[in-house]
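Since the model is a prediction, treat every value here as computed from it, not as a measurement. Below, read A as the first sequence line, B as the second, and so on, with proteins coming before strands; counting in each chain starts at 1.
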Amino acid sequence: MKQHEIAEQFAHMADLLEYRGDNPFRVRAYRRAAQTLEQLPGDLAAMAVEQKLRSIPGIGEDLAQKIQEYLVTGSLAALERLKAQVPPVVPELLNIPGIGPKTAKVLTDKLRLKTVEDLAAAARAHKLQKLPGFQAKKEENILKALALVQQGQERMDLWTAWCLGQELTTWLDQVPGVTRTSIAGSLRRMRETVGDLDVLAAAKQPARVIERFRTSPFAGRVLAAGGTKASVITPQGVQVDLRVVAPESFGAALQYFTGSKEHNVRLREQASRQGLKINEYGVFQVKTGKRIAGREEADIYKALGLPWMAPELREDSGELDAAAAGTLPKLVDMKDIRGDFHVHTNASDGRDTFEVMARAGKEQGYDYLALCEHSPSLRIANGLSVPRLRERLNAIKAFNARSKSYRLLAGAEVDILADGKMDYPDSVLAELDFVVGSIHSGFTQPEAQITKRLIAAMRNPYVTIIGHPTGRLLGQRPPYAMDVAAVLKEAKDTGTALEMNAAPQRLDLTDTMARQARQAGVMLAICTDSHSKEQLGYMTLGVGRARRAWLQSSDLLNCMTLKRLTTWINRKRQRAST
DNA sequence: GCCGTTTTCGGCCCGACTGTTTTCAGTCG
């Protein structure tokens with residue numbers, strides 16, 4: 001996973017070069033390379049060995065060499081040289097909204113800042129408004145931005161963003177004059193966390209909608225507001241950007257505000273090669289200025305000779321080439337999902353009862369639902385002893401006797417113990433329909449040991465899937481160390497699926513790892529890890545994340561009919577017994 | 001620094017809003 005380190009180095013390079021007023025396109029090249037490496041689905045070190053670095057888009061002669069240099073030496077001489085010339089506070093300054101390279105230059109040159117705290121002190125002492133190009137307003141804005149950075153640096157979890165997005169579009173739909181609305185930005189692309197929420201509306205008189213918005217309950221504080229766009233901070237501290245366009249431009253604006261930025265840059269470059277210009281109002285012929293598309297998002301792509309592509313794919317990670325070649329995947333969709341596998345009740349650490357959860361699964365329209373309580377060694381979660389597990393099996397039998405089209409699966413989330421053994425004996429596991437094997441202890445073990453545990457679990461014939469395979473908790477706990485390639489190979493060889501845990505604090509596997517798993521021929525399963533009936537709604541997030549991983553219904557256990565699923569599970573069990 | 005239907009040099013996406021400006025630079029997305 002060296003690519004993340006190198007991505008960080010390149011992003012740092014970009015910041016420092018930008019501060020120095022270097023060629024902006026050079027800066028962009030570093031930024032783009034950083035972004036590409038961040039989401040590279042393959043193994044960078046292996047690509048380096050195979051001399052394939054140059055095949056990564058945005059990596060040329062020079063950057064390939066820098067990657068090699070970092071892989072060998074663990075640092076970049078060019079970056080170290082730059083760091084020696086630029087005040088260390090600069091990257092942090094550039095992180096403050098409203099401060100770009102020019103402002104940072106003035107601040108560091110004139111004030112000799114060492115830390116961001118120095119900046120705050122200088123602003124409070126009104127030293128900023130004496131600087132060239134500064135006045136009271138700018139000083140005030142920097143102070144506000146500093147406060148914002150301190151309190152709300154962290155991004156929203158995806159579920160919070162999703163729910164707020166629904167609220168916003170529902171409200172907008174009722175504003176007079178609004179004909180269409182949509183979520184845009186990173187939420188529409190289903191990134192794992194969301195910074196600002198982007199919302200779009202179509203109306204003939206945009207200014208009126210903006211006026212309603214800036215006086216709405218969503219607008220705790222107005223950051224900026226013009227005739228067509230407004231940025232506010234909600235009372236909960238979330239920044240919402242609303243953009244209102246004419247109906248004939250709605251598709252173009254939706255395409256534009258969904259991003260990603262990198263995807264849009266590539267798309268516009270392609271457009272200009274075709275004598276076309278794209279902006280948020282439409283696609284135009286450069287020569288005549290004639291608008292040839294704008295009302296529908298699909299028309300924007302069509303004007304460039306491309307098929308519409310799902311927002312989740314728009315990360316400039318190969319989707320434009322795939323679209324041109326006609327090889328875009330047919331992505332999994334909510335309607336393909338036939339069941340959920342990793343669901344708790346109040347028998348262990350869930351909130352709702354067996355009956356409530358069982359019914360909630362049916363109300364989701366599922367064919368099946370695997371109830372999986374914790375195993376005994378997870379005392380804190382009230383893990384089920386074998387007798388309690390047997391009671392559960394009886395309850396499920398009784399339920400299924402009354403239910404035809406919808407079935408409960410007898411499952412368990414079984415701890416993979418520190419030595420790699422499962423927390424129930426095989427004879428007990430054999431009584432279950434579905435087993436989630438999860439690591440809940442020993443997170444800090446060395447890579448070799450964690451990998452060994454996971455491999456031992458996958459070799460157990462009764463383990464159907466590995467739960468939250470990397471163990472990370474967003475913003476709280478890093479993934480544990482493991483040999484990803486070895487785990488993927490074992491999953492493929494043993495016929496064990498890997499979970500895409502859809503709980504917003506987990507989202508584990510990540511999209512890039514899931515894409516890698518798919519490429520390795522590994523089966524995946526989207527699970528909500530629900531601890532209440534509302535959390536079954538996380539499936540929407542899980543499907544979005546799976547789409548970001550380019551997954552199709554054929555890659556997912558949840559899209560199988562119950563019959564095929566049973567066959568799939570039994571195949572592993574039978575293979576082990578022969 | 002990358003890249004090629006303007007192919008090995010000369011381009012590189014585009015517009016809104018703000019603040020300090022009197023015509024625009026800086027920043028953002």
Side-chain angles (χ1 to χ4, degrees), chain A residues 10 13-14 17-19 21-36 53-67 78 93-107 128-129 131-142 144-145 184-186 189 194-200 206-207 210 214 222-231 239-245 249 252-253 255-284 286 300 304-305 316 324:
Chain A
F10 283 176
M13 280 288 278
L17 289 170
E18 188 173 37
Y19 169 85
D22 213 297
N23 177 355
F25 298 106
R26 189 174 173 220
V27 173
R28 202 180 100 188
Y30 276 103
R31 288 248 156 81
R32 175 159 184 240
Q35 226 252 339
T36 305
L53 292 176
R54 295 287 304 273
S55 70
I56 304 169
I59 303 295
E61 185 69 45
D62 183 86
L63 292 184
Q65 219 166 59
K66 287 200 166 70
I67 293 172
L93 285 181
L94 294 177
N95 205 19
I96 298 166
I99 298 185
K102 298 289 190 278
T103 310
K105 187 91 175 77
V106 174
L107 289 172
L128 264 45
Q129 41 179 293
L131 300 174
F134 279 67
Q135 284 194 19
K137 188 77 187 176
K138 193 155 178 172
E139 182 175 85
E140 198 185 314
N141 284 346
I142 285 179
K144 278 187 190 163
S186 55
R189 300 201 314 280
V194 175
D196 309 338
L197 210 65
D198 293 302
V199 200
L200 181 70
I210 296 291
R214 63 181 294 171
V222 179
L223 295 177
T228 63
K229 65 190 270 189
S231 296
Q239 182 172 334
V240 177
D241 296 337
L242 169 67
R243 185 70 182 249
V244 189
V245 298
S249 294
Q255 193 289 320
Y256 175 65
F257 289 108
T258 296
S260 66
K261 190 177 172 182
E262 292 72 20
H263 172 92
N264 286 355
V265 168
R266 284 288 299 277
L267 199 68
R268 287 171 184 213
E269 282 170 356
Q270 183 168 336
S272 82
R273 284 197 294 276
Q274 299 176 347
L276 301 171
K277 187 182 83 165
I278 306 179
N279 59 28
E280 56 262 58
Y281 302 108
V283 181
F284 300 85
V286 173
I300 307 305
L304 274 71
D316 188 22

Checking contacts here: which listed nucleotide ([options]) is nearest the side-chain heavy atoms of [X]?
X	options	value
Thr228(A)	dA16(B), dG1(B), dC13(B)	dA16(B)
Phe25(A)	dG1(B), dG19(B), dG15(B)	dG1(B)
Ala224(A)	dG1(B), dC14(B), dC17(B)	dC17(B)
Lys102(A)	dA16(B), dT6(B), dG26(B)	dG26(B)
Lys138(A)	dG19(B), dT6(B), dT27(B)	dG19(B)
Gln135(A)	dC2(B), dC13(B), dT21(B)	dT21(B)

Does a nitrogen or oxygen in the side chain of [X] sit under 4.0 Å from OP1 or OP2 of [N]?
X	N	answer
Asn264(A)	dG29(B)	no
Lys261(A)	dC28(B)	no
Ser231(A)	dG29(B)	no
Lys277(A)	dG15(B)	yes
Thr103(A)	dT27(B)	yes
Tyr281(A)	dA16(B)	yes
Arg26(A)	dG1(B)	yes
Asn279(A)	dG15(B)	yes
Gln65(A)	dG1(B)	no

Could you check how far [atom1] of [X] sits from [atom2] of [N], rounded to whole Å?
X	N	atom1	atom2	value
Leu276(A)	dC13(B)	CG	P	15 Å
His263(A)	dC14(B)	NE2	P	15 Å
Phe10(A)	dC2(B)	CZ	C1'	13 Å
Arg266(A)	dC3(B)	CZ	P	9 Å
Arg243(A)	dC14(B)	CZ	C1'	11 Å
Gln270(A)	dC3(B)	CD	C1'	14 Å
Glu61(A)	dC2(B)	CD	P	8 Å
Lys66(A)	dC2(B)	NZ	P	8 Å

Ion pair present between Glu262(A) and Arg32(A), side-chain N to carboxylate O less than 4.0 angstrom? no

I'd like to know if Glu269(A) pairs up with Arg273(A) as an ion pair, taking the criterion as any Lys NZ or Arg NE/NH1/NH2 lying under 4.0 Å from an Asp or Glu carboxylate oxygen. no

Side chains of Arg268(A) and Tyr256(A): does their closest heavy-atom pair fall under 4.5 Å? yes

Student check: side-chain heavy atoms of Ile56(A) and Thr36(A) closer than 4.5 Å: yes

In whole angstrom, give me the gap between the P atoms of dT8(B) and dA16(B). 36 Å

Without hydrogens or angle criteria, can the side chains of Tyr19(A) and Lys102(A) be said to hold a donor-acceptor pair below 3.5 Å? no

Could you tell me the Watson-Crick or G-U partner of dC24(B), where both distances fall under 3.5 Å? Say none if there is no partner. dG19(B)

Any donor-acceptor pair under 3.5 Å joining the side chain of Asn23(A) to the base of dG1(B)? yes

